[in-house]
There are 2 protein chains.
Amino acid sequence: MQNSEAMALSAALLAAAGELVQRIHEGVVARGFEGLRPAHGFAFARLAPDGATVTDLAVHLGVTKQAASQLVDELVRKGYVERRPHPKDARARLVVLTGPGWACTRAADEAAAEAVGAWSDVLGEAEVRGLREALLRIAPEGPVRPAW
Amino acid sequence: MQNSEAMALSAALLAAAGELVQRIHEGVVARGFEGLRPAHGFAFARLAPDGATVTDLAVHLGVTKQAASQLVDELVRKGYVERRPHPKDARARLVVLTGPGWACTRAADEAAAEAVGAWSDVLGEAEVRGLREALLRIAPEGPVRPAW
DNA sequence: ACCATAAAGTCAAGTAGCTTGACCATCAAT
DNA sequence: ATTGATGGTCAAGCTACTTGACTTTATGGT
């Protein structure tokens, strides 16, 4: 592997990831959810199954818990999540999605499927599947929110 | 393609891209270049062949020219680039890499080759090649500096 | 040749999202 | 019961970015 090929792969990877995030975000906006940034989507992904604490969210996003708390404030203000008392720990609070929060999560799923579908048209479904599995083997533990 | 699979692909793509950027950055630091952020590397990539104007750089990075100008200021202060008069346009200034700038660029190439080499150990060279070509066909025009 | 418009760059001020630091309430282990 | 660790918030500060205003030089039409 020559250096220039490694750089070409890096650039292609960044371009693909950037374009995907952009398209998902546009799809979400097109479905009527405004005032959100991609970072909020990363948060929704963590909150989706059963909710999470602010600290969980901070770890997931790779930021301080103060930053995660501010992000939750914002989502509460916009009606996408709410803070509920934690069933097992009186210090903690469980942040869960509201109705609009779930709707937005579904919209993001749809937008993602749409964006990836466009790739299937170019590569074919089999190769897209191969792509996903190769990436999963490469970076199973990569940061969710790459910061740079 | 189901929605959940699209999200899995998105997550894997982001994780891989994030990890790659992180590793390249660490490799650059390990080679003795400090005080730099990944964004500077994206700038180097544009400056590498023959230099570029601040406006070129701004377009490449997807930021305002003021932001690009500030970034150049910083790189000048740290000795990685210098501003030279533009040969064809007295308004413009050509930003070019200095010796240390070139050395840092080579270090980044090496670090990238190292990181991608680790992937080859997992996937095999052929599949990594396939990955690169699939990504290039998917997102030839993606943003260099995904912002989120 | 002249003027109007556009483009390259910089200075200055404001902003948004993050950080560090300090603090309180609660948990868990001795 | 005491001590240290953990979840969360408040407050202040930092930094990379933005918008706005301006100067200098290029470009194109008349």
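If you're wondering where the values come from, they're calculated on a predicted model, not measured in any experiment. Residue numbers begin at 1 in each chain, while the letters A, B, ... track the order of the sequences.
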Would E133(B) and R137(B) count as a salt bridge (Lys or Arg N to Asp or Glu O under 4.0 Å) here? Give the steps.
CA-CA 6 Å; E133(B) 268 140 44; R137(B) 279 161 56 206; over 6 Å; no
Among [options], the nucleotide that comes nearest once only the side chain of [X] is considered:
X	options	value
Q66(A)	dT20(C), dT25(D), dC18(C)	dT20(C)
R91(B)	dA6(C), dA25(C), dG8(D)	dA6(C)
A92(A)	dG7(D), dT25(D), dT19(C)	dG7(D)

Between atom [atom1] in [X] and atom [atom2] in [N], what is the gap in whole Å?
X	N	atom1	atom2	value
L57(A)	dT9(D)	CG	P	11 Å
D89(B)	dT23(D)	CG	P	19 Å
D73(A)	dT9(D)	CG	C1'	9 Å
R83(A)	dT9(D)	CZ	C1'	9 Å
Q70(A)	dA11(D)	CD	P	12 Å
H86(A)	dC27(C)	NE2	C1'	12 Å
K88(A)	dA28(C)	NZ	P	11 Å
L61(A)	dG17(C)	CG	C1'	13 Å

Could you tell me whether E19(A) and R23(A) make a salt bridge, using a distance below 4.0 angstrom between a side-chain N and a carboxylate O?
yes
Residues E26(B), R31(B): salt bridge by 4.0 Å N-O rule
no
Any side-chain heavy-atom pair of F33(A) and L36(A) under 4.5 Å
yes
Once you apply a heavy-atom cut-off of 4.0 Å, does [X] come out as touching a base, just sugar-phosphate, or nothing?
X	answer
T64(B)	base
T55(A)	sugar-phosphate
A90(B)	sugar-phosphate

Please tell me which of K65(A) and L94(B) maps to the more 5' nucleotide of DNA chain C, matching each residue to the nucleotide holding its nearest heavy atom.
L94(B)
Would you say [N] has OP1 or OP2 under 4.0 Å from some side-chain N or O of [X]?
X	N	result
R37(B)	dT15(D)	no
R93(A)	dT6(D)	no
S69(B)	dG9(C)	no

Exam field: side chain D109(A) to backbone R106(A), donor-acceptor pair closer than 3.5 Å:
no
